[in-house]
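These notes concern the structure reproduced below.
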Protein chains: 2
Amino acid sequence: MTTRIFEHPDLADIELTSVLFALSDPARLDLVRLIAKDGPQTVAACQAVDPAAPKSTFSHHLKALREAGVVRNEPHGRQRMISLRRDELDDRFPGLLDSVLSAG
Amino acid sequence: MTTRIFEHPDLADIELTSVLFALSDPARLDLVRLIAKDGPQTVAACQAVDPAAPKSTFSHHLKALREAGVVRNEPHGRQRMISLRRDELDDRFPGLLDSVLSAG
DNA sequence: CAGATAGTTCCAAGAAAGTCGAACTGATCG
DNA sequence: CGATCAGTTCGACTTTCTTGGAACTATCTG
């Protein structure tokens, strides 16, 4: 199913340690960097960060980021759009995303 | 052995994902908060964050933080002092520690 | 309706982390 | 020196992550 609406944690329920964990994987961090830079992307476009990886692996990383509250995953026609919950995260953890994204 | 000198990663070798991972555990994050607030502490004093936890468990967390480059662990008489590598981390990942520590 | 497309979910296997008791070691104190 | 103290390391066990192939589902296109 492509079009199902996923659960996303409420802003207030997002935990710092979960966010840190989600960002602590290089593949996931690369993905977050991509959508931070280029804006919302389809899953296929996101996969550009590691074209060799199987779809299922990628989907798992997306799930981890979504459940941690880092990313939104919403139906968009026959595709899905992945977007960063930037404003929300900035609100809840001021400066966190900025420092992570600007880190060399 | 209490007095052995441990390896600590050079600042340049500290990786963002490793730091994020080290901080993604609640027990370790609590510990980092403690020494950020109260300054360098002996291991025993650090254990105040979770007095019920066995020493060995605690020691493993310390090792994880040390190897990630978050913390320094140095001999001090018959004890050891645990200190936050704050200036170094601020230098390498500006704003990161501040945002993590100030997060509610 | 038949394909093709875009992703997810299921399942299993391997890798990595966390947990904790027990043994160990170096420094200090009597 | 012998005992104690402060912490680390070892070893075994359990849990959680990661990975990836295969099956599945929904949507769009012809």
Side-chain angles (χ1 to χ4, degrees), chain A residues 1-8 15 17-32 34-35 40-68 70-83, chain B residues 1-8 15 17-32 34-35 40-68 70-83:
Chain A
M1 51 185 88
T2 297
T3 205
R4 185 177 133 216
I5 292 175
F6 286 134
E7 296 274 324
H8 292 79
E15 281 178 53
T17 50
S18 305
V19 171
L20 294 175
F21 182 79
L23 297 175
S24 74
D25 180 90
R28 292 193 293 256
L29 184 55
D30 283 349
L31 166 50
V32 168
L34 176 72
I35 59 180
Q41 303 281 321
T42 64
V43 174
C46 289
Q47 281 204 320
V49 299
D50 183 2
K55 295 164 136 201
S56 57
T57 299
F58 203 75
S59 205
H60 282 130
H61 284 314
L62 282 177
K63 184 180 181 188
L65 286 166
R66 172 171 58 80
E67 289 181 344
V70 176
V71 138
R72 241 174 233 293
N73 181 336
E74 291 164 317
H76 186 257
R78 121 164 101 171
Q79 325 199 111
R80 280 184 169 275
M81 285 308 257
I82 309 300
S83 56
Chain B
M1 52 186 89
T2 297
T3 206
R4 186 177 134 216
I5 292 174
F6 285 134
E7 297 274 323
H8 291 80
E15 281 178 54
T17 49
S18 305
V19 171
L20 294 175
F21 182 80
L23 297 175
S24 73
D25 180 272
R28 291 194 295 256
L29 184 54
D30 283 348
L31 166 50
V32 168
L34 176 72
I35 59 180
Q41 304 282 322
T42 64
V43 174
C46 288
Q47 281 204 321
V49 299
D50 184 3
K55 293 166 140 202
S56 56
T57 299
F58 203 75
S59 205
H60 280 300
H61 284 314
L62 282 177
K63 184 181 183 188
L65 286 166
R66 173 172 57 81
E67 289 181 343
V70 177
V71 136
R72 239 173 234 294
N73 182 336
E74 291 165 316
H76 185 259
R78 117 166 107 170
Q79 326 200 110
R80 281 183 167 277
M81 285 308 256
I82 309 300
S83 56

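Order of the sequence lines fixes the chain letters, A, B, ..., with proteins taken first and strands second; residue numbering starts at 1 for each chain.
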B:His8 side chain vs B:Asn73 backbone, donor-acceptor pair below 3.5 Å: yes
Steps toward side chain to side chain contact (heavy atoms under 4.5 Å, CB included) verdict (B:Arg80, B:Arg4): CA-CA 10 Å; B:Arg80 281 183 167 277; B:Arg4 186 177 134 216; 4.0 Å; yes
Out of D:dT18, C:dT8, D:dT8, whichever nucleotide has its closest atom nearest the side chain of B:Arg80: D:dT8
C:dT9 phosphate, OP1 or OP2, under 4.0 Å from A:Arg4 side-chain N/O: yes
Length of the CD-C1' vector between B:Gln47 and D:dA6, whole Å: 10 Å
Spatial distance of atom OG (A:Ser18) from atom CG (A:Leu23) [nearest 0.5 Å]: 10.5 Å
Rounded distance (Å) that lies between atom P of C:dT9 and atom CG of A:Leu62: 11 Å
Any B:Asn73 side-chain N or O less than 4.0 Å from OP1/OP2 of D:dT8: yes
Distance in Å, A:Ile82 CD1 paired with A:Leu65 CG, rounded so as to fall on 0.5 Å steps: 9.0 Å
Restricting to nitrogen or oxygen on both sides, can you table the protein-nucleotides 19-21 of chain D pairs closer than 3.5 Å?
| unit_1 | atom_1 | unit_2 | atom_2 | d |
| --- | --- | --- | --- | --- |
| D:dT19 | OP2 | A:His61 | NE2 | 2.9 |
| D:dG20 | OP2 | A:Thr57 | OG1 | 3.2 |
| D:dG20 | N7 | A:Ser56 | OG | 3.1 |
| D:dG21 | N7 | A:Ser56 | OG | 3.2 |
| D:dG21 | O6 | A:Ser56 | OG | 3.4 |

Whole angstrom value for the distance that separates P of C:dT8 from CD1 of A:Ile5: 14 Å
5' priority, DNA chain D, between A:Ala64 and B:Phe58 [closest heavy atom]: B:Phe58
Nearest-Å distance for atom pair NZ/P, residues A:Lys55 and D:dC24: 16 Å
Output side-chain donor-acceptor pairs under 3.5 Å for residues 44-63 of chain B, partner residues at least two apart or in another chain, one line each.
| unit_1 | atom_1 | unit_2 | atom_2 | d |
| --- | --- | --- | --- | --- |
| B:Asp50 | OD1 | B:Ala52 | N | 3.4 |
| B:His61 | ND1 | B:Arg28 | NH1 | 3.3 |

Length of the line joining B:Leu29:CG and C:dG18:P, which is rounded to integer Å: 14 Å
Whole-Å distance separating the CD1 atom of A:Ile82 from the P atom of C:dA6: 14 Å
From B:Ile35 atom CD1 to B:Arg72 atom CZ, the distance as rounded to the nearest 0.5 Å: 11.5 Å
Qualifying residues under side-chain hydrogen bond (donor to acceptor under 3.5 Å, both in side chains), relative to A:Asp25, sequence neighbours excluded: none
Nearest-nucleotide comparison on DNA chain D, the residue closer to the 5′ end among B:Ser59 and A:Arg28: B:Ser59
Euclidean distance, atom CE of residue A:Met81 to atom P of C:dA6 [Å, nearest integer]: 14 Å
Among D:dA6, C:dT8, D:dC17, the nucleotide that comes nearest once only the side chain of B:Gln79 is considered: D:dA6
Partners meeting side chain to side chain contact (heavy atoms under 4.5 Å, CB included) with A:Pro26 (sequence neighbours left out): B:Thr17
Partners meeting salt bridge (charged side-chain N to carboxylate O under 4.0 Å, His left out) with A:Arg66 (sequence neighbours left out): none
Close N or O pairs between protein and nucleotides 1-5 of chain D (under 3.5 Å):
| unit_1 | atom_1 | unit_2 | atom_2 | d |
| --- | --- | --- | --- | --- |
| D:dC5 | O4' | B:Arg78 | NH1 | 3.2 |

Between P of C:dA6 and NZ of A:Lys63, the distance in whole Å: 23 Å
